[in-house]
Amino acid sequence: MMSITAIKGFNDLLPSESGLWQFIEQTARQVFARYGFNEIRVPIVEKTELFCRSIGDTTDIVEKEMYTFTDKGGSSLTLRPEGTASVMRALIEHKLYALDSVNKLYYMGPMFRHERPQKGRYRQFHQIGAEVTGASDPLIDAQVLLMVSRLFQELGLAEPSLQINSLGCPACRPAYREALVAFLAERQGSLCEDCRRRQGTNPLRALDCKVPGCVEATQGAPAMVEHLCPDCNDHFAAVQGYLVSAEVPFSLNPRMVRGLDYYTRTTFELVTGLLGSQSAVAAGGRYDGLVEQLGGPAVPGIGFALGVERVALLLGDRSFERVPDLFIAVMGDAARTAGFRLMETDCEGKSLKSQMRRADKLKARYSIVLGDTELAAGSGALKRMEDGRQQTVALIAEGIAGAITGG
RNA sequence: GUGGCCAUGGUGAAGCGGUUAACACUUACGACUGUGACUCGUACAUACGAGGGUUCGAUCCCCUCUGGCCACCCCA
């Protein structure tokens, strides 16, 4: 009989890897807490409409990648493809914006996109994200960017480099869009099918199309950064100024286009060359119109998310196994029934040799044999596994702890 | 959605028409019924992803299916 396997693109995280993940999550929590972020936990399933309205109907995510189904009550529900929409929904639903003018929230958990799996890309993948709402000053943009780069620093990763761009705002983007469409119209013939199709819906996509013909055709295309309105221009200049003064390295990528419609002004990606075509390790940007668009007040926002699988890939085979300080080998019923209350001990009546082998395999720093003689004497031989040296210690927690920490 | 590569035990893999399906690692137990690492011994695939076909005979050849990986697309 065929055994049941996991769904394609849905992976188990085995004990050999969970230590690495815990390190990533814990590092993120620490960094986020330092900058005043609190965790929010939102559901994994939302009404489909939430994502259509936030991410955008013409994006690839909404068009073809969502896990959407109808529940028994007839509502259309969707497994969340990203986290920002849910967090904003919660912000509005619980009126968090009224509790405090600025909200700093972070989240972590699985996201779902029905794509063909490959290295660094899965159907259930995990993101760690942070969002700031209620702050529009460029200093907050810079702080979010700085926080992301600090996070990667603390993870021990130098590789992903920061690229930034500005996508303008409703005041300046339409004019730019027109200029771009006009430019592209002249080069219709050399554009790929997708780019031609997207001209009416999302012409900016042509800028990061990888088809050689498109790359060439868009060489001299107008850049958004050169068409920013004065406000956006000042904002973007200020963000860059703050980054320079905070010594956060970055580069300008005027061709960077994000896959979600809600982005305005500052957008950014942390890219690496080490993951093949999955170059984006983290990405985000400002989304000043989103909360209002979802039925909330006109609250500005900025945030980002990182892909945990991709970060884990970059961190590679680093070992995060935890080794026990002490292993207790038990001999005889009295010791066995005393030992099982304290910690991991043998419950299957294995030989002392077998237990010692286990102590070695677990890389325990110390071991001690607990048997009838030790119980009678109230003391035993504590063995340092590294070199086999033994010393007699009293069988009390303080005595053993003292011997272990004292070396 | 499109394309490429690959499917032998817990793992890495040999075998390429007739073998006890090698070897290594891992795991378990043992070599003084109270002490690990090294060493040694024993055990661990009626089975080579599934189903058909060719053949006297198929893990090895052919077909189909399924699964995995990688790339394109897109993205975290």
Side-chain angles (χ1 to χ4, degrees), chain A residues 1-9 11 14 16 55 59-65 80-84 108-129 148 160 192-195 198 202 205 208-212 214 256-260 268-272 275-285 303-314 327-332 335 348-374 380-390:
Chain A
M1 188 171 75
M2 269 287 278
S3 55
I4 298 172
T5 58
I7 306 166
K8 182 201 282 280
N11 302 127
L14 302 178
S16 57
I55 297 169
T59 58
D60 280 14
I61 295 177
V62 171
E63 264 181 2
K64 51 194 186 194
E65 295 174 359
R80 62 179 186 192
E82 61 110 34
T84 304
M108 47 185 70
M111 305 295 162
F112 305 85
R113 267 129 83 165
H114 193 106
E115 302 177 273
R116 194 75 160 258
Q118 67 184 272
K119 187 176 187 180
R121 193 181 74 187
Y122 308 100
R123 290 184 174 177
Q124 175 178 324
F125 63 104
H126 297 75
Q127 288 190 335
I128 297 177
V148 179
C192 72
E193 210 176 301
D194 282 335
C195 287
R198 285 190 294 232
N202 198 348
R205 293 235 67 97
D208 75 342
C209 183
K210 279 136 197 148
V211 176
C214 297
M256 188 172 80
V257 177
R258 306 299 350 283
L260 288 68
F268 60 95
E269 285 184 2
L270 274 94
V271 298
T272 175
L275 260 34
S277 59
Q278 265 61 257
S279 57
V281 180
F304 78 94
L306 65 80
V308 181
E309 283 83 357
R310 293 180 184 178
V311 171
L313 235 34
L314 288 178
F327 183 93
I328 297 181
V330 291
M331 295 290 295
E348 296 172 272
K350 297 207 168 163
S351 69
L352 180 61
K353 178 186 204 65
S354 175
Q355 294 183 56
M356 289 304 288
R357 271 187 184 156
R358 181 160 181 79
D360 185 62
K361 189 175 137 199
L362 296 174
K363 298 197 178 73
R365 291 174 55 228
Y366 288 85
S367 69
I368 191 166
V369 177
L370 200 58
D372 292 338
T373 47
E374 286 78 10
L382 182 72
K383 179 174 188 172
R384 184 158 67 184
M385 299 300 280
E386 188 187 342
D387 54 15
R389 288 173 57 160
Q390 302 201 43

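Lettering follows sequence order; numbering is per chain, from 1. Computed over heavy atoms, backbone and side chain alike; hydrogens, waters and symmetry mates excluded.
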Open item on the list: Using only atom types and a distance under 3.5 Å, with no angle test, would you say the side chain of A:Arg113 pairs donor to acceptor with the backbone of A:Pro81?
Closed with: yes
TODO: Could you provide the dot-bracket string of RNA chain B, using ( ) for intrastrand pairs, [ ] for crossing pairs and | for bases paired to another strand, with Watson-Crick or G-U pairs below 3.5 Å?
DONE: ((((((((.[[[..)..(....]]].(((((.......))))).....[[[[[..)....]]]]])))))))....
Task: Touch class at under 4.0 angstrom, heavy-atom based, for A:Ser354 against every strand present - done: sugar-phosphate
Open item on the list: Quick check on RNA chain B: between A:Gln390 and A:Arg116, whose nearest nucleotide comes earlier from the 5' end?
Closed with: A:Arg116
Open item on the list: On the side chain of A:Arg310, is there an atom forming a donor-acceptor pair with the base of B:C75 - under 3.5 Å, no angle test?
Closed with: yes
Open item on the list: Looking at A:Arg258, I'd like to know whether one of its side-chain N or O atoms comes within less than 4.0 Å of OP1 or OP2 on B:C75.
Closed with: no
Task: A:Arg365: side-chain contact (heavy atoms from CB on, under 4.5 Å) partners, not counting sequence neighbours - done: A:Asp325, A:Ile404
Task: Gap in Å between the two C1' atoms, one belonging to B:G9 and one to B:C62, rounded - done: 27 Å
Open item on the list: Strictly below 4.0 Å: does A:Ser367 bring a side-chain N or O up to OP1 or OP2 of B:U35?
Closed with: no
Open item on the list: When the C1' atoms of B:U59 and B:A21 are compared, how many Å lie between them, rounded to an integer?
Closed with: 8 Å
TODO: In whole angstrom, give the distance that lies between atom CD of A:Glu115 and atom C1' of B:C73.
DONE: 9 Å
TODO: Provide the distance between the two C1' atoms, one in B:A76 and one in B:C61, to the nearest whole Å.
DONE: 45 Å
- [ ] Taking all heavy atoms of A:Met331 and all of A:Leu352, pick out the closest pair and write down the distance.
- [x] SD-CB, 3.6 Å
Open item on the list: Tell me the closest heavy-atom pair linking A:Pro160 and A:Leu314, and the distance in Å.
Closed with: CG-CD1, 4.2 Å
- [ ] With salt bridge (Lys or Arg N to Asp or Glu O under 4.0 Å) as the test, would you mind laying out the steps for A:Glu269 and A:Arg258 before giving the verdict?
- [x] CA-CA 9 Å; A:Glu269 285 184 2; A:Arg258 306 299 350 283; 3.2 Å; yes
Open item on the list: Would you measure the distance from the P atom in B:G10 across to the matching atom in B:A50 and give it in whole Å?
Closed with: 13 Å
- [ ] Determine the contact category for A:Gln355: base if any of its heavy atoms lies under 4.0 Å from a base atom, sugar-phosphate if only primed atoms, P, OP1 or OP2 are that close, otherwise nothing.
- [x] nothing
TODO: Starting from P on B:G36, measure out to CD1 on A:Ile328 and report it in whole angstrom.
DONE: 18 Å
Open item on the list: Could you tell me how far apart A:Gln118 (CD) and B:U2 (P) are, to the nearest whole angstrom?
Closed with: 15 Å
